[in-house]
Number of protein chains: 2
Amino acid sequence: MPNNHFKRGELYSVINGMASTAVARRLQKNFRNAGLEITIEQWSILYHLWKEDCLSQQELCNRTFRDKPSITRLIDNLEKQAMVIRMPSKTDRRINLVCLTDAAKEIQNLTIDLANQTMSEALVGVKKEDIEIVKIVFQKVYDNLIL
Amino acid sequence: MPNNHFKRGELYSVINGMASTAVARRLQKNFRNAGLEITIEQWSILYHLWKEDCLSQQELCNRTFRDKPSITRLIDNLEKQAMVIRMPSKTDRRINLVCLTDAAKEIQNLTIDLANQTMSEALVGVKKEDIEIVKIVFQKVYDNLIL
DNA sequence: TTGAATTAGTTGCATAACTAACTATATGCC
DNA sequence: GGCATATAGTTAGTTATGCAACTAATTCAA
């Protein structure tokens, strides 16, 4: 039994029960209050497309740390809401390029402002250098488990 | 537009896409490989009951940062698998006390070992003091958003 | 003591996640 | 060229999550 047993268990439940839920739920609420009918999961797809448009579904899997079926359904739902369209790649017919519509471009600034505002609320009292440490720890965890 | 705009956006997607999924998915896989038919969400309930048995559903909500319907269904599924039973409180008939069965007690040591092992794999190369910082940051985030 | 407000838990509906099994296209080796 | 293998994406089935609306029991105050 490792000697740091309980600490790790505690960390585990913190990560699992709190990290994504508290921030995500608040951001979702802020979207709703602003009249935006979009989930944070859908927004996270748009967020990556705003950085670089017309990515393949596989590339979205890599960048959002989701598996392929999850991306398929998220794109399905975003397509229903006319936020993105699937464009068959001309060089590889297996690939769908996921491209933004004008509707998605219109909500970019508003939603990113809301996200920044939410992160500001969430990070009150947290030192900048500690945020950097959290990012580094998460990246290491991801590398340890996935690569 | 806040000047630390992109950093926070990045942190957001890291928290949302990676934190719970990578560790949780690995732990789930380790459970499955050990022949355990239990989800990590169900395990997180058992984890709190091993620390203190016969908690109310509301108390489990507080300790696992979940809402009431989530707890209701997790307990439903755990009850189907005969891991817990609902016992009506004698002092307040609105309350269900959720108590462990022998089957749950049997898997306690094995699953906690697997969880510690998974956290050890996940935290390779991460300094102990950085883990503490992550915990403190998450607690602050939670306090900022919920309280 | 009765009636409003609070608290504990459940149910219905929608979205999202993972696994496993599947189709279709592309690549690479003989 | 042709077959094995790899890659991109979809579908089906189960579990989990969030919200809103609901029932039942308790508390508290007029």
Side-chain angles (χ1 to χ4, degrees), chain A residues 16-33 37-45 55-62 64-81 83-84 86-98 145-146, chain B residues 16-33 37-45 55-62 64-81 83-84 86-98 145-146:
Chain A
N16 191 46
M18 179 193 307
S20 57
T21 51
V23 183
R25 203 156 39 193
R26 172 61 60 95
L27 183 54
Q28 180 82 70
K29 190 177 295 184
N30 290 347
F31 281 170
R32 214 174 31 249
N33 290 344
E37 294 288 333
I38 196 175
T39 68
I40 39 129
E41 290 83 5
Q42 293 167 5
W43 179 80
S44 77
I45 300 293
L55 298 171
S56 69
Q57 294 190 195
Q58 182 58 52
E59 189 53 35
L60 285 170
C61 293
N62 301 338
T64 64
F65 309 105
R66 290 183 171 87
D67 63 1
K68 287 193 290 183
S70 297
I71 294 296
T72 294
R73 319 256 191 196
L74 283 172
I75 303 302
D76 286 348
N77 285 335
L78 281 167
E79 224 175 15
K80 271 185 221 152
Q81 296 177 260
M83 288 295 179
V84 301
R86 285 178 168 96
M87 311 264 281
S89 163
K90 283 165 186 167
T91 57
D92 185 337
R93 286 191 302 162
R94 292 171 302 179
I95 291 178
N96 288 334
L97 295 175
V98 180
L145 292 183
I146 301 298
Chain B
N16 191 47
M18 180 193 303
S20 57
T21 53
V23 182
R25 204 156 39 192
R26 172 62 58 95
L27 183 54
Q28 181 80 71
K29 190 177 293 181
N30 289 347
F31 282 171
R32 214 173 31 248
N33 290 344
E37 295 288 333
I38 195 174
T39 68
I40 40 131
E41 290 83 4
Q42 291 167 6
W43 178 80
S44 78
I45 301 293
L55 297 171
S56 69
Q57 295 189 195
Q58 182 58 52
E59 191 52 36
L60 285 169
C61 294
N62 300 338
T64 64
F65 309 105
R66 288 183 172 86
D67 64 0
K68 286 191 291 182
S70 296
I71 294 296
T72 294
R73 320 240 199 207
L74 283 171
I75 302 303
D76 286 348
N77 285 335
L78 281 166
E79 223 173 17
K80 274 186 218 152
Q81 296 175 258
M83 288 295 180
V84 301
R86 285 178 168 95
M87 310 265 279
S89 163
K90 283 166 186 164
T91 57
D92 185 337
R93 285 189 303 161
R94 293 170 303 178
I95 291 178
N96 288 333
L97 296 174
V98 180
L145 293 182
I146 302 297

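If you find the closest nucleotide of DNA chain C to A/T91 and to A/L74, the one lying nearer the 5' end belongs to A/L74.
A straight line from NZ of B/K90 to P of D/dA25 spans 18 Å, rounded to a whole angstrom. Look at CD1 on B/I40: it is 14 Å from C1' on C/dT19, rounded to the nearest Å. Protein atom CG of A/D67 is 11 Å distant from nucleotide atom P of C/dA20, rounded to whole Å. Going from atom CG of A/N77 over to atom P of C/dA14 covers 12 Å, rounded to whole Å. To the nearest angstrom, C1' of C/dC18 lies 15 Å from CG of B/N30. Rounded to an integer number of Å, the gap from A/F31 CZ to D/dG18 C1' is 16 Å. Following rounding to the nearest Å, B/L27 (CG) and C/dC18 (P) show an atom-to-atom distance of 14 Å.
Every residue two or more places apart in sequence or in another chain that forms a side-chain contact (heavy atoms from CB on, under 4.5 Å) with B/R86 is listed here: B/Q57, B/T72, B/I75, B/D76, B/E79, B/N96. Shown here are the side chain to side chain donor-acceptor pair (under 3.5 Å) partners of B/R94, two or more places apart in sequence or in another chain: B/D92. The side-chain contact (heavy atoms from CB on, under 4.5 Å) check on A/Q42 picks up A/I38, A/T39, A/L74, A/N77, A/L78, A/Q81, with sequence neighbours excluded. Residues satisfying the side chain to side chain donor-acceptor pair (under 3.5 Å) criterion with A/S56, sequence neighbours excluded, are absent altogether.
At a threshold of 4.0 angstrom between heavy atoms, the contacts of B/Q42 are confined to the sugar-phosphate backbone, with no base atom among them.
In this structure, of D/dT17, D/dA16, C/dA16, it is D/dT17 that holds the atom nearest to the side chain of B/R66.
When side chains are defined from C-beta on, A/C61 counts as touching A/K68, because their heavy atoms get closer than 4.5 Å.
Counting only distance, with no hydrogens or angles, the side chain of A/S70 and the backbone of A/R66 share no donor-acceptor pair below 3.5 Å.
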Discussion item. Strictly under 4.0 angstrom, non-hydrogen atoms only: write out the protein contact profile of nucleotides 4-10 of chain C, one letter per nucleotide from the 5' end, B, S or -.
Written reply: ---BBBB
